[in-house]
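These notes concern the structure reproduced below.
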Amino acid sequence: MPLMQEYNKDAIKESIYNKLLRYYGVTLEEATPKQIYSAVASTVRDQIMLKWRFEKEERLNSKAKRLYYLSIEYLTGRWLHNNLLNLCSTEEYSKAFAELGLTLRGVLHEEPEPALGNGGLGRLAACFLDSLATLDLPAMGCTIRYEYGLFRQRIVDGQQVEIPDDWLTYGNAWEIPTQKDAVLVRFGGHVVEQWVDDVNYVTLEDTEDVVAVPYDLPIVGYDSDVVDRLRCWSAVLPQNFNLERFSNGDYISSTRDGSSIAAQISKVLYPEDTSYNGKKLRLMQEYFLVSASLQYAIRDFKRVNGDNIFFLPDKVAFHINDTHPALVIPELMRLLIDVERLSWEDAEQITIATVAYTNHTIMSEALERWPESMLRETLPRIYTIMQELNRRLCQKLFDRFPGQWERIGHMAILAYDHAHMANMCIAYSKAINGVSQLHGDILKRSTFKDYYEVMPQKFMAITNGITPRRWLMLSNRALSSLLDESIGLGWHKDLMELEKLLPFADDAAFIEKFAAVKHENKEHFMHWINRHQGLVLDPDSMFDVQVKRLHEYKRQLLNALHILVLYNRICDDPGYNLPPRTFIFGAKAAPGYYRAKEIIHFINVLSQHIAKDERASKFLKVVFLQNYNVSTAEVLIPASEVSEQLSTASKEASGTGNMKFMMNGAVTIGTLDGANVEIADLVGLDNCYIFGMRSHEVEALYAAGTYRSLDIYETNAELRRALNMLFDGSLTPDNPRMFEGLYRALVFSDNGGMADPYLVLKDFGSYQGAQARLIHDYTDTRAWTRKEIINVAKSGVFSSDRTIREYNDKIWHLKPLVKNK
Ligand code: 26V
C-alpha cells in the first residue's frame with residue numbers, strides 16, 4: 001500500500017503545517033481550534049482522494065452493478081474519527097498530534113455534528129453505507145443537503161426549546177461539489193400529449209425548474225480499498241446557478257437564491273407539515289431527491305454500460321428507505337417512457353426488477369399519504385403515471401377479488417382522494433422487507449396482509465444491524481483493546497468472533513478487567529456530562545439509560561412512572577434500601593407533538609423534584625440529556641449498564657439502539673418487540689429482563705376493545721398514587737394540574753379515543769416485576785458482569801455487515817470490487 005505509507009506521522013505533520021499556512025496564513029501556534037480541525041480534515045481528505053480513484057476505475061472496468069440507496073435521512077455522525085479509523089490511520093495521526101501538542105479528542109470535538117436525520121431510519125442508512133464500503137460493494141447513498149438539520153434541543157425550565165441547526169456555518173470539510181453531475185428537476189406545469197405515428201408522446205410544459213447540485217461525501221470502507229459516496233443534493237434556481245463561478249469554487253455566491261421555493265427545498269429536514277404549503281414542500285423535497293438521483297443514475301448507467309436501457313436491472317438497484325423516496329417508481333417509469341421511449345409494459349417490467357422497498361414502521365401516522373389534488377398540481381406527469389399504475393393494479397386485483405371493493409380500495413394506490421405510497425411500493429417493486437423477524441411477520445400477517453396473499457414471494461424480513469466500527473471500535477476504545485488482548489483481532493473483520501468471549505464469562509480475572517472497562521467508561525461519561533451540562537454523577541451508581549426519539553409508543557412514561565413509584569417507596573420507608581441508580585433519558589420530541597413535549601417536561605420536573613430530596617437523591621438521580629445525538633450516544637452507550645427498550649409490543653419495528661447497548665455490554669430490560677425478541681433468543685432469559693404483553697396479545701387486546709386502564713388504576717395502589725401526583729400538586733405546587741393531561745390520557749378515553757392506547761398501565765406491574773429482578777441481580781457484581789459479557793459475546797449477529805450481506809444475497813446481487821484481479 002505505497003500510497004498509505006505517505007501518510008505517516010511526519011507527512012501528516014507537514015501537511016497540517018502547510019495547510020494552515022496556505023489556507024489561513026497562520027502558524028500552528030496562531031491557529032484557532034477550528035482552523036486546526038480544518039487542516040487535519042483536509043489532510044485526511046487528501047488521503048481519501050487517493051483511494052477514491054480505485055472505485056471509479058474499477059467500477060468502469062468491471063461494469064459492476066451499483067446500488068443507489070435513497071433516504072430522506074442520513075444520520076452519519078461526525079466523520080473525522082470514523083475516517084481515521086476506517087483508513088487505519090488513527091495511530092499515525094495520534095502520534096502526529098502528540099508531537100504538535102494537540103489531542104485527538106480536542107481536534108475531533110471541533111467538527112460540527114451533521115444532524116441530517118431524526119432517528120433509527122437515518123442512522124441505519126449511515127451504518128449501511130459503512131458496511132457497503134467495507135464489503136467492497138459499489139453503492140451510492142442519496143439524500144438532500146439540508147442547510148439546517150434536525151433542530152438542536154435546549155431544555156429551558158424543564159421544557160424543550162428548538163434551535164435551528166446551522167451546521168454548515170463553517171462549511172463542510174468533507175463535501176466535494178460535483179457540478180458536472182447537476183441535473184434539472186421540474187415541478188408543476190401541464191402535461192401535453194401528442195400522437196405521432198400511433199405513438200403517444202408526453203411532454204411537460206411551463207414547469208418551474210430547479211437545479212439539483214450534488215455534493216459528495218466520501219464513504220471509506222474499513223481497511224478496504226473501496227470509497228463509496230453519499231450524494232447530497234442541493235437545490236438552486238436555474239438563473240442563480242452560475243456554472244462558471246461554481247466551477248471556480250465560488251459555491252456560495254454561485255448559488256444564492258433569496259427566498260425562492262428552490263431555496264426552500266434543501267433548506268431544512270422535515271419542514272413543519274401542518275399547513276398545506278408545508279406538506280407540499282415535503283412532497284417537493286421527496287421528488288427532488290428522487291428525480292435528481294434517478295436522472296444521474298441513468299446517465300451513469302449509460303456512461304458505463306452503453307445505451308441499452310434493458311440492462312438497467314442488471315446494472316442498477318434502487319432501494320427505497322421507507323416510503324419517502326417512493327416516487328422512484330413513477331419517476332423511473334416517466335424516464336423510461338417519456339425520455340427513453342419504452343413501452344409501458346417494458347418500463348413496468350424494468351421498474352419492478354430494479355426497485356426494492358424497506359418498511360420501517362407500522363405506525364399509521366408514518367405511512368405516507370398525499371392528497372391527490374396536491375400531487376396533480378405539484379407533479380402532473382407523475383400523477384398521470386400513478387393513475388395508470390393504479391388502473392392496471394386495480395384491474396388485476398379485481399380479477400383476483402371480484403366485487404371486493406373495500407379490499408381493493410385498501411390495496412389501491414389512489415383511493416379516497418389520497419395516494420397511498422406504501423401500496424405503490426409493494427405493488428411495483430421486486431421486494432419488500434421488514435427490519436426484524438417479528439416486524440416482517442407483522443407486515444405479512446397484519447399491516448399488508450392483503451398484499452401478502454397476492455404476492456407472498458416479495459415479502460422478507462431482514463433484521464437491522466449497526467456498524468461495529470462506529471459503535472464499538474471507535475466509541476469504546478477500552479473494550480476494543482480488552483477484546484483484542486483476549487480474543488485476538490479476528491472480530492475486526494468478522495464480528496461473529498465475539499463469541500470467543502463466552503468462555504471468559506466465567507474467568508474471574510477477565511470479569512474484573514471487563515468491570516474495570518465499564519467503570520472507566522462511566523467515569524469518562526461523568527466528566528463529559530459535567531463539561532456539557534454541569535451535572536455531577538456518581539460513577540459507582542448503576543447507569544440505566546433510555547435514549548431514543550420521544551414517542552408515546554416507546555413508553556418513556558413507563559420508565560418515569562416507575563421511578564416515581566421507587567421515589568415514593570424511599571419517602572415512605574426510612575429503612576428502604578436499593579443500589580444507587582442514575583436514570584438517564586435523552587430524546588427529542590417532534591416540534592408539533594404536544595404530548596411528547598409534555599413527557600419531556602414531566603421527566604425534567606421529576607428529575608428536579610428528586611434532586612431536592614436529600615434522602616431520595618442518595619439512591620436516585622434522574623438526568624435528562626440535552627440534545628441527544630450520535631456524538632452523545634458514542635460517549636453514553638459504552639458507559640451504560642441497563643438498556644431500557646420498553647415499546648408496546650408490535651410497535652417498534654426493530655430498534656437499533658438496543659443492539660448498540662448490547663454490543664457495549666448493557667443488559668436489556670424490554671418487551672418482546674422488534675429486535676428485542678432476537679436479543680432475548682440470543683442471550684437467553686437469564687441475561688436480559690423481559691416483561692409485558694406479547695405482540696399477538698396486544699393485537700388481540702386492541703381487536704377485542706375490552707381494555708380498561710381505569711381498572712388497573714383502581715387496583716394498583718402504588719401506581720395510582722404516582723398517577724395522582726400528576727395533578728395533585730405534589731410535583732408542581734405552583735401549577736398542580738400541570739400534567740393532568742398526561743394522567744387523563746392514561747386513564748380516561750377522552751374524545752372517543754382509547755384510554756392508554758400504548759398500554760402503559762397494562763404493562764406496569766410486569767415492568768415493576770422485571771425491575772425488581774434486575775435490581776436484585778445487580779447487587780451481585782460478578783454475576784451481573786457475566787451477563788454483560790454474554791451480551792457482548794452474542795452481539796456479533798447485529799453487525800450491519802451481516803445485514804448488508806443478507807440484502808445483497810436476497811435483493812441487490814452486487815459484486816465486490818476487487819483489487820488486482
Ligand atoms: C417520524 C418522524 C417523527 C418526527 C417528525 C419527522 C418524522 C419523520 C419520520 C418518522 C418515521 C421514522 C421512521 C423510523 O425512524 N423508523 C425506525 O426505523 C428504524 C430502522 O429500521 C427501526 O429500528 C425503528 O424501530 C423504527 O422506529
Side-chain angles (χ1 to χ4, degrees), residues 69 71-75 115-128 143-144 146 149-151 153 160 162 268-274 278-279 281-282 285-286 319-326 357-369 421-422 432-440 442-443 447 461-467 471 547-555 587-597 600 645-662 670-671 673-679 695 798 800 803-804 806-807:
Y69 193 88
S71 180
I72 204 82
E73 301 184 19
Y74 268 93
L75 196 48
L116 304 187
N118 171 56
L121 175 82
R123 185 52 235 173
L124 186 78
C127 284
F128 278 11
T143 191
I144 294 175
Y146 305 103
L150 195 73
F151 64 89
Q153 182 194 54
Q160 169 173 299
E162 296 111 31
V268 57
L269 169 67
Y270 295 130
E272 160 292 309
D273 70 346
T274 42
K279 207 166 167 53
L281 181 56
R282 285 206 191 181
Q285 286 187 325
E286 295 184 1
H319 205 93
I320 304 180
N321 197 31
D322 228 350
T323 55
H324 313 114
Y357 155 63
T358 300
N359 174 281
H360 292 267
T361 181
I362 59 157
M363 302 295 293
S364 56
E365 82 238 21
L367 290 177
E368 283 190 303
R369 302 164 349 125
M421 306 309 269
I432 157 178
N433 75 289
V435 289
S436 67
Q437 300 310 304
L438 176 66
H439 176 54
I442 291 174
L443 294 184
T447 319
I462 305 180
T463 301
N464 281 344
I466 57 171
T467 167
W471 296 113
V547 283
K548 46 184 78 257
R549 283 188 288 131
L550 200 311
H551 199 291
E552 287 161 282
Y553 85 77
K554 294 178 184 277
R555 299 198 295 191
K588 290 184 185 178
Y593 189 175
Y594 174 77
R595 187 72 73 206
K597 290 181 151 177
I600 290 181
Q645 307 298 338
L646 314 181
S647 55
T648 313
S650 78
K651 302 290 182 195
E652 189 69 272
S654 161
T656 44
N658 47 3
M659 302 170 185
K660 292 166 201 162
F661 283 100
M662 177 190 185
T671 48
D673 198 18
N676 295 354
V677 176
E678 290 157 67
I679 292 178
S695 69
F798 295 122
S800 47
T803 314
I804 288 298
E806 267 187 59
Y807 274 91

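Index from 1, following the sequence. The structure presented is a predicted model; accordingly, all values stated were derived computationally and were not measured. Atoms within each ligand, like the ligands themselves, are counted from 1 in listed order.
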Do Thr656 and Asn464 meet the criterion of a side-chain donor-acceptor pair at a distance under 3.5 Å? no
In this structure, which one of Asn433, Thr323, Asp322, Asn321 forms a side-chain hydrogen bond (donor to acceptor under 3.5 Å, both in side chains) with Thr358? Asn433
When you compare the side chain of Val677 with that of Ser436, does any pair of heavy atoms fall below 4.5 Å? no
With atom 11 (C) of ligand 1 as the reference point, say which of Gly119, Cys127, Ala366 has the nearest heavy atom. Ala366
Interfacing atoms of ligand 1 (cut-off 4.0 Å, heavy-atom, Tyr553): 27 (O)
Which one holds for Val435 and ligand 1: side chain close, backbone close, both close, or neither close, with close meaning a heavy atom under 4.0 Å? side chain
Mind running side chain to side chain contact (heavy atoms under 4.5 Å, CB included) on Asn118 and Arg549 for me, showing each step along the way? CA-CA 8 Å; Asn118 171 56; Arg549 283 188 288 131; 3.1 Å; yes
Sequence neighbours left out, what passes ring pair (Phe, Tyr, Trp, His ring centres under 6.0 Å) with Tyr593? Give chain and number order. His551
Separation between OH (Tyr74) and CG (Leu124), nearest 0.5 Å, reads 9.5 Å
Check this for me, if you would: do Glu652 and Arg555 make a salt bridge, where the nitrogen-to-carboxylate-oxygen distance has to be below 4.0 angstrom? no
For ligand 1 and Glu652, I'd like to know whether there is a polar contact (N/O to N/O, distance under 3.5 Å). yes
What one should report as the nearest heavy-atom pair of Ala326 and Ile320 is N-CG2, 3.8 Å
Consider every N or O of Asn118 and every N or O of ligand 1, then say whether any pair is closer than 3.5 Å. no
Distance-only N or O hit between ligand 1 and Arg549, under 3.5 Å: yes
So if I count the atoms of ligand 1 from 1 in the order they appear, which ones are less than 4.0 Å from some heavy atom of Gly655? 22 (C), 23 (O), 24 (C), 25 (O)
List the closest protein heavy-atom neighbour of atom 5 (C) of ligand 1: residue, atom name, distance to the nearest 0.1 Å. Ala590 CB, 4.0 Å
Those atoms of ligand 1 less than 4.0 Å from some heavy atom in Ala653: 25 (O)
Within the structure, is a non-hydrogen atom of Asn464 found at a distance of less than 4.0 Å from ligand 1? yes
If hydrogens are left out, which of His360, Met363, Arg123 has an atom nearest to atom 17 (C) of ligand 1, that is, the closest non-hydrogen atom? His360
Under 30°, 30 to 60°, or over 60°: which ring-plane class applies to Tyr807 and His319, parallel, tilted or perpendicular? perpendicular
At what distance is the nearest protein heavy atom to atom 9 (C) of ligand 1, and which residue and atom is it? Tyr270 OH, 3.5 Å
Atom 13 (C) of ligand 1 - nearest protein heavy atom and its distance: Asp322 OD2, 3.9 Å
